[in-house]
Amino acid sequence: MPPQQSAEPSAAPAETPFLDLLATGAPAEDFERAVLRARADGASAERLAALERAKLLALRVRTELEGRRRREAELSALYETAHDLAGLRDLDAVLRAIVQRARSLLGTETAYMTLNDPVAGDTYMRVTDGSVSARFQQLRLGMGEGLGGLVAQTARPYVTDSYFDDPRFQHTRTIDTGVRDEGLVAILGVPLKLGSGVIGVLFAADRRARVFDHAEIALLSAHAAHAAVAIDTANLLAETRKAMTELETANEIIRDRSGVIERASDIHDRLAELVLRGGGVQDVAAAVAEVLDGTVEFTDAERVPAEALDRSRAADGHAVRDGDDWVAAVRSGSEVLGALVLRGHPHLDPVDQRTLERAAMVTSLLLLARRTAGEAEQRVRGELLDDLLDAPDRDPRLLRERAARVAADLDAPHVVLAARIEDPAGDGAAPAATGPDGAGATGRQRLWSAASHLAATRQGLAAARDAGVVLLLPLGRDDDPGEAARKAARQLGAAVHAPVTVGASAPVPAPAATPAAVATAYAQARRCREALRVLGRCGQGAAAEDFGFLGLLLADGRDVDGFVRRTLGEVVDYDTRRGTDLLRTLNAYFESGMSPARTKDALHVHVNTVAQRLDRIGRLLGPGWQSPSRALELQLALRLHQLSAALGD
């Protein structure tokens with residue numbers, strides 16, 4: 001008998017399997033599988049053709065739906081950006097939020113913003129996100145220079161998929177070096193327009209070749225418009241008041257229609273009010289607890305049941321039930337900051353669950369805003385102190401204005417402190433920059449964090465420098481620089497759990513009026529710090545006056561090198577020419593109480609060798625070199641020579 005042919009599938013419409021796939025949001029490859037299965041089942045050519053047509057139509061519908069969902073997400077992001085602008089009053093925070101949102105939405109590796117400087121006639125880097133190059137973050141572009149300069153000059157968006165191969169804009173060494181340091185390849189820049197003028201440029205960039213489509217250019221342009229609006233503070237406040245009035249009216253209508261929606265609207269208003277008036281995490285928890293009629297608390301991640309926290313995190317922050325409690329993860333990207341926990345409330349309707357999740361999102365924003373504000377303030381303090389140390393020709397008026405933003409008064413007397421963390425092993429050496437466990441870099445980071453906190457609490461400035469930190473702290477009328485150094489050594493040492501050596505300068509009467517004096521004072525503070533280390537006083541603090549005669553030589557204007565040369569020059573030169581060890585022998589001789597027997601033990605040589613070396617030293621230094629006055633002078637010169645070598649390193 002001839003083989004039976006496969007039975008024709010049921011006469012279901014060809015569109016049916018594809019409608020199911022569209023309904024479930026299946027990936028594109030699943031649509032092809034439906035045709036392959038029908039072919040494997042022996043479907044007729046007509047059936048396969050119908051399925052092929054239905055597949056193509058379904059894929060077109062799927063593409064259209066994905067486009068609509070993307071546009072909906074973009075519109076939602078723009079709405080959220082507008083909401084952020086209404087909730088943030090600080091211009092720096094608003095601009096940083098715009099840049100971060102632009103980077104997130106376009107999925108780029110970095111985003112940044114430049115603003116025009118009408119006085120200098122150029123444009124400068126204002127905000128970056130994802131940047132790793134300090135040189136790039138400090139770039140200034142002349143009008144028409146680089147892609148950003150071209151955007152600022154023409155008020156038109158420009159995009160390049162390979163920056164260094166693009167001849168449309170003017171390349172300069174400074175700009176190209178900064179872009180190369182950052183490793184950028186594809187760059188999109190759109191103008192920040194305020195009225196009819198351009199005030200800057202908003203960028204999104206990748207470190208690989210990439211083509212930005214028209215939708216992405218339009219989306220970034222929309223974000224740029226929000227950033228420009230944020231700068232126009234008066235208009236922003238007026239629009240915020242109007243938006244809040246309209247929102248209150250809308251909430252009144254919602255409350256009239258539904259009791260459930262009323263609760264959601266109430267917590268929305270409360271959270272918005274908390275953000276606007278600068279409320280904290282505990283205020284958010286209290287507001288949610290009142291609305292949900294339960295006990296709500298913010299808890300550190302370590303104190304939340306790990307299984308519940310993992311489930312909430314895996315569900316994109318949705319609240320999950322944990323026994324009689326509800327847990328909503330508070331997170332930023334992949335970082336878990338903690339959780340909001342609703343206690344003793346096992347039954348929670350979906351709207352109240354969403355309320356808890358929204359509160360967790362607001363809590364995350366508050367925590368990130370607090371962190372960002374702290375980091376920004378530390379950065380501002382460090383940059384201002386760097387300018388005082390490296391650019392003494394800065395305009396005093398601008399220095400005072402910048403200092404006022406961090407509540408520092410640069411017209412009052414200050415003291416400069418140079419601090420360095422010591423090796424916990426006790427040998428007085430600073431930690432290595434790198435090591436098997438990275439302890440050196442970690443120690444310096446802890447020291448920098450502690451110094452930044454100390455500067456903020458004392459209304460001073462702090463910056464990382466020379467494998468340590470430098471602080472500029474206000475000095476009261478009766479304050480003593482040496483005591484300030486000792487107090488800082490104790491506080492910083494306690495904060496980093498390791499000895500911290502601190503040297504202090506003489507008072508600087510008014511840093512803003514004489515910026516050059518800050519650099520001079522830092523050099524003096526550093527000498528005092530290294531003097532402490534050479535003298536075996538690691539972990540202590542001192543100023544020049546705490547060293548007696550040695551301190552006078554450490555102070556500014558003293559000819560230390562000349563003193564050492566006059567006192568020990570013959571011995572130093574002899575050691576240099578002959579490769580001998582007379583200087584070390586002399587130092588061991590004095591440290592052994594001028595006893596040849598103890599000196600030979602310290603040097604591990606024969607006593608006759610010590611005698612021969614001392615005889616040679618006597619001929620080089622001349623008669624009377626062991627007299628009390630000459631011996632004191634020689635010992636002081638030896639100490640200063642060691643100190644000079646340490647500073648030279």
Side-chain angles (χ1 to χ4, degrees), residues 1-81 101-109 157 159-162 185-186 188 190 204 206-223 258 261 310-321 333-334 349-351 353-354 357:
M1 296 179 62
Q4 295 183 350
Q5 294 184 351
S6 299
E8 183 74 16
S10 63
E15 295 83 358
T16 299
F18 301 111
L19 290 177
D20 292 338
L21 292 174
L22 286 173
T24 58
E29 54 266 22
D30 287 356
F31 290 76
E32 184 64 33
R33 293 193 185 100
V35 178
L36 295 176
R37 280 196 300 270
R39 183 176 288 111
D41 293 340
S44 65
E46 291 79 7
R47 177 66 176 178
L48 292 176
L51 287 172
E52 188 68 29
R53 289 192 298 272
K55 179 196 74 173
L56 295 176
L57 181 60
L59 287 175
R60 287 175 56 190
V61 172
R62 181 180 179 277
T63 301
E64 180 65 23
L65 289 175
E66 286 184 346
R68 290 178 180 273
R69 282 193 291 268
R70 188 186 68 177
R71 288 191 291 274
E72 180 181 352
E74 292 172 352
L75 291 175
S76 176
L78 289 175
Y79 173 77
E80 291 176 3
T81 299
R101 184 64 56 79
R103 179 189 176 194
S104 173
L105 195 57
L106 268 67
T108 57
E109 293 172 296
V159 61
T160 177
D161 57 1
S162 182
V185 176
L188 165 62
V190 298
D206 265 340
R207 297 182 177 92
R208 53 184 173 79
R210 167 178 175 169
V211 177
F212 292 95
D213 58 31
H214 292 293
E216 291 173 322
I217 296 174
L219 184 58
L220 190 61
S221 297
H223 278 283
S258 172
I261 299 299
D310 288 341
R311 283 193 290 122
S312 178
R313 178 174 55 184
D316 292 333
H318 290 305
V320 298
R321 185 171 172 179
S334 60
D349 63 54
V351 174
Q353 180 179 337
R354 180 59 182 158
E357 294 164 359

Applying side chain to side chain contact (heavy atoms under 4.5 Å, CB included), name anything that partners S221, two or more places apart in sequence or on another chain. P157, V190, I217
Side chain to side chain contact (heavy atoms under 4.5 Å, CB included) against T108, all qualifying residues, sequence neighbours excluded: R103, L106, A204, D206, R210, F212
I'd like to know if the side chain of S312 reaches the main chain of H318, judged simply by a donor and an acceptor atom lying under 3.5 Å from each other, with no hydrogens or angles considered. yes
Report the residues that fulfil salt bridge (Lys or Arg N to Asp or Glu O under 4.0 Å) with R37, sequence neighbours left out, ordered by chain and then residue number. none
Roughly how far, to the nearest 0.5 Å, is CG of L36 from CG of D41? 11.0 Å
